[in-house]
Amino acid sequence: MSADATASAEGTGPLVYRFGGGTADGRGDMKDLLGGKGAGLAEMTSLGLPVPPGLTITTAVCRHYFQSGQSWPAGLEDELTQALRFVEAETGKVLGDPDNPLLVSVRSGAAVSMPGMMDTVLHLGLNDTTVEGLARRSGNPRFAWDSYRRFVAMFGDVVLGIHYTRFARVMDKLRGEREEQDLSVDELKALVAALKQVIVDAFGTFPEDPEEQLRLAINAVFRSFNTPRARYYRKSNGLADDMGTAVNVQAMVFGNMGEGSATGVCFTRDPKSGARRFFGEWLPNAQGEDVVAGTHTPLPLVADQDGADPGLQPLSAAMPTVFGELDRIQRTLESHFKDMQDIEFTIEDGRLWLLQTRTGKRTPAAAVQIAVDMVNEGLISKETALARIEPTTLEMVLRPVLDPDAPRKVIAKGLNASPGAASGRVVFHSDQAQDLTERGERVILVRNETSPEDIQGMTVSTGILTSRGGQTSHAAVVARGMGKPCVVGCTDIVVDYARGLFYAGDTVVRRLDWITIDGATGEVMEGEVPTLAPPTDSGAMAELLRWADEVAELKVRANADNGPDAERARALGATGIGLCRTEHMFFQPDALRAMRQMLVATDQRSRQRALAQVLPVQRAAFEEILTAMDGLPVTIRLLDPPLHEFLPERAEDIAAVADDLGVRTEVLAERLRQLHEANPMLGHRGVRVGVTAPEIYRTQVRAIFEAACDCLRKGIEPVIEVMVPLIATAAELKVVRASIDEVAEQVLGEQHQDLDYTVGTMIELPRAALMAKQIAREADFFSFGTNDLTQMTFGFSRDDIGSFLPQYLQQGILPDSPLTRFDSEGVGQLVKIGTDRGRHANARLKVGVCGEHGGDPHGVGFFHRVGLDYVSCSPFRVPVARLAAAHASLGLC
Ligand code: PEP
Ligand code: MG
């Protein structure tokens with residue numbers, strides 16, 4: 001908070017700031033004290049722009065109002081009266097004057113915009129006497145009485161708290177089928193009387209005194225800061241609850257005074273694409289609330305406006321002189337504030353007035369385009385451009401998003417695992433997904449959770465929805481890798497596979513019904529909600545990221561386990577692969593079959609036979625990846641997951657697999673019983689498999705180096721880093737490393753090739769971090785697997801966190817899921833200890849992170865401060881991590 005705000009809160013600074021006639025007490029940089037709207041009005045006035053005169057009561061007064069049990073601070077009455085006299089002098093009108101009444105608007109305006117959350121009162125100052133004066137002065141009784149009926153209803157609703165529907169009923173009764181503008185003056189008078197009667201019935205009297213109206217309205221605006229809806233908005237947007245709102249009291253100007261009047265909103269650039277073109281909407285003979293209510297179709301500002309009906313008359317044609325002035329002003333405002341502005345204006349009888357300017361909201365793609373264009377136009381520095389873009393928004397730049405204007409019915413909400421919007425027909429099984437997509441349908445795969453068996457269904461689906469699982473569940477990780485919209489852990493839905501439907505509250509969604517999921521918000525919607533096409537040109541993003549790389553110290557790699565993902569990662573700027581999960585290669589039917597044969601084999605020979613079938617599949621996959629990453633490092637992790645993940649679970653699957661493998665069902669069932677583990681995540685997985693079944697790792701290492709030799713022969717430069725998962729002791733790594741080196745040398749010798757390679761380990765168990773000194777003596781590199789490290793440090797299963805996490809978040813026990821937002825306080829200590837101890841023992845140790853947190857800007861900031869060499873994340877998150885790395889270097893995260 002600025003020094004000004006503190007001073008006022010303590011009662012030393014002014015409580016009311018005036019603006020009008022080319023001068024202002026406040027400035028544009030006083031948002032904390034004057035709110036965004038008040039600061040903007042002050043700045044525009046000082047710039048000599050046409051702003052109706054007014055005054056701003058500071059946010060400090062609002063804070064005092066709540067702290068003191070709803071009273072005004074000493075001095076406010078006097079300052080308000082003086083400022084009002086100033087407004088009266090500027091306008092030549094007087095509040096409550098029967099002949100020449102001043103009417104004012106009373107609007108909220110906090111430091112951070114909270115669109116639509118707080119209250120506004122317009123036309124304040126009208127009563128039975130002043131309305132006649134307004135009618136005489138304007139020569140337009142219809143306008144005067146129309147303003148009065150608007151005021152009475154608004155005042156009753158906003159200030160006196162009488163439900164709006166009571167006024168609406170009265171209006172509907174009098175109006176019948178007609179529009180308001182069809183009512184005669186006498187009818188409007190009758191309407192006003194009836195609306196006032198609603199207030200008298202509920203409240204006893206209607207306050208005719210404009211000064212009392214003003215006091216009541218100011219208090220109502222203060223109170224609107226603390227409505228449940230405003231508090232909810234602040235909570236969901238991470239805004240402080242004690243900032244308070246300023247109140248702006250401003251002379252009214254009227255867009256509803258006749259054909260020469262109008263109202264409108266404009267943006268200095270296109271908020272959807274970011275293109276540098278003036279963009280906006282206007283309505284002749286109307287007020288701002290008519291635009292908001294959506295009862296009239298607004299007209300475009302300029303001809304050929306994107307998305308506008310070409311038959312509608314643009315402002316540029318209807319009022320060319322005023323348009324010219326508005327165009328000049330929008331340029332002035334943008335170059336003054338050095339950011340895209342969202343401007344509200346009113347035209348009163350051919351005269352232009354500005355009511356608001358603020359930084360305009362925009363899509364992620366537009367944000368990037370605007371930031372880059374402004375650097376190239378010399379308006380802002382590269383650092384400012386980088387700082388203006390939230391890293392996470394980059395994830396959305398290249399994906400379709402839901403059309404924000406399209407109606408939708410949200411039926412459930414889960415975790416936003418992979419952003420982007422997708423619509424399709426509901427299917428519950430992988431083979432259904434394949435059948436339907438082969439027939440040209442789009443499908444959403446809905447499962448309780450997914451497993452390797454679902455991979456093909458996932459590949460063809462446009463989106464994935466699971467009722468269970470967290471941000472690092474199989475569905476979430478795989479979907480992100482594929483760049484597919486995905487919602488996981490959606491406990492609002494109950495899936496019934498047998499009946500082919502799911503329940504979402506009272507809604508029943510059946511197989512083949514259409515749904516839409518939004519992977520950015522976690523929402524599940526009925527039917528097909530239209531999307532906006534993603535921008536095809538990422539030129540601006542590429543440029544922004546080049547600037548990011550110039551300042552970033554952390555390198556960014558990608559987690560990828562096939563050629564296309566590796567290529568995409570490279571195109572998005574990855575400087576290598578930080579994690580190639582080799583188990584994903586077993587998802588292909590041939591490899592899965594061979595793997596299953598290997599797992600159920602009871603003797604060495606049949607295990608070798610099965611592994612011989614795995615080898616070519618792995619070799620081909622490695623060759624693809626090494627080719628895509630030619631010259632860049634590729635960290636290949638040996639098999640990690642619990643073996644049971646490869647085996648069937650349901651009776652009918654067991655029978656089918658037994659048949660496929662040529663063994664009796666009972667034999668397979670017995671083998672499955674032997675392999676069963678109570679806690680597979682803590683069980684026979686990772687390096688433990690490497691120790692007990694060394695032939696698996698040896699086969700994988702052979703595949704890696706055979707692929708490398710093939711690459712060398714083709715002139716491709718493989719840079720190989722072999723990584724061992726789930727190490728807890730240095731001895732484990734020592735044993736496995738000896739075997740890796742032996743096979744590597746063997747293959748290179750057989751093929752007469754020379755190749756440097758490194759061997760390292762994941763650090764994903766707390767013990768490994770603590771014993772980093774000993775482990776680093778056996779390792780060339782460390783890669784922190786923060787998914788497991790978080791799971792193992794908290795002691796909860798990352799796949800089951802959905803059962804209690806929502807309550808933890810609700811009760812504020814955890815601020816966020818630690819699987820999504822890195823727990824730098826707790827797990828971070830292990831990363832720091834592991835890095836420091838490891839580097840102490842081995843100065844050349846390279847250290848990175850390959851858990852999902854590699855793409856979490858908060859995590860990236862922490863990893864930068866610890867001094868890691870790189871982070872590695874899903875390909876789609878590479879741009880996010882590159883920008884976050886730059887933010888970290890600039891001290892922004
Ligand atoms: C990790 O644990 O952070 C990791 C990258 O490995 P996985 O998610 O495959 O367990
Ligand atoms: Mg792991």
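Note: hydrogens, waters and symmetry copies are ignored here, and every other heavy atom, side chains too, is used. Quick note: residue numbers are just sequence positions, from 1. Order of appearance sets the numbers: ligands from 1, and atoms from 1 within every ligand. Bear in mind the structure is a predicted one, so any value in this text is a computation, not a measurement.
Under a 4.0 Å criterion applied to the non-hydrogen atoms of Leu579, ligand 1 contributes the atoms 5 (C). Interface atoms of ligand 1 facing Asn787, defined by a heavy-atom separation under 4.0 Å, are 1 (C), 2 (O), 3 (O), 4 (C), 5 (C), 8 (O). Taking every non-hydrogen atom of Thr786 and a distance limit under 4.0 Å, the qualifying atoms of ligand 1 come out as 3 (O). Residue contact check: Gly785 has heavy atoms under 4.0 Å from atoms 1 (C), 2 (O), 3 (O) of ligand 1. Within ligand 1, the atoms closer than 4.0 Å to a non-hydrogen atom of Asp640 are 10 (O), numbered from 1 in the order shown. Of all the atoms in ligand 1, the ones that sit under 4.0 Å from a non-hydrogen atom of Cys850 are 5 (C).
Residues satisfying the side chain to side chain donor-acceptor pair (under 3.5 Å) criterion with Asn842, sequence neighbours excluded, are absent altogether.
A salt bridge links Arg798 to Asp788: at least one charged side-chain nitrogen sits closer than 4.0 Å to a carboxylate oxygen. The existence of a salt bridge linking Lys846 and Glu721 is confirmed by a sub-4.0 Å separation between a basic side-chain nitrogen and an acidic carboxylate oxygen. A salt bridge is absent between Arg737 and Glu778; no separation between the charged side-chain nitrogens and carboxylate oxygens falls under 4.0 Å. Lys413 has no carboxylate O lying under 4.0 Å from a charged side-chain N of Asp492, or vice versa, which leaves the two without a salt bridge.
Using a 30° and 60° split on the angle between ring planes, Phe796 and Phe794 fall in the parallel class, below 30°.
When non-hydrogen atoms are compared, ligand 1 lies under 4.0 Å from the side chain of Arg798 (C-beta onward) but not from its backbone. Heavy atoms of Met681 found under 4.0 angstrom from ligand 1: none, in either backbone or side chain. By the criterion of a heavy-atom distance under 4.0 Å, neither the backbone nor the side chain of Gln791 is placed next to ligand 1.
Residue Glu852 places no N or O, backbone or side chain, under 3.5 Å from any N or O of ligand 1. For ligand 1, none of its N or O atoms has an N or O atom of Leu789 under 3.5 Å away.
Of all non-hydrogen atoms in Val871 and Gly854, the two that sit nearest each other are CG2-O, 3.5 Å. Of all heavy-atom pairs spanning Ile801 and Pro806, the tightest one is O-CD, 4.5 Å.
Annotation for His840: atom NE2 does not count as buried by contact number, only 12 or fewer foreign heavy atoms lying within 6.0 Å.
The number of protein N/O/S atoms found under 2.8 Å from the Mg ion (ligand 2) is 2.
Checked by atom type and distance alone, the side chain of Thr582 pairs as donor or acceptor with a backbone atom of Arg637 at under 3.5 Å.
Checked against the 6.0 Å centroid criterion, the rings of Tyr757 and Phe705 qualify as a close aromatic pair.
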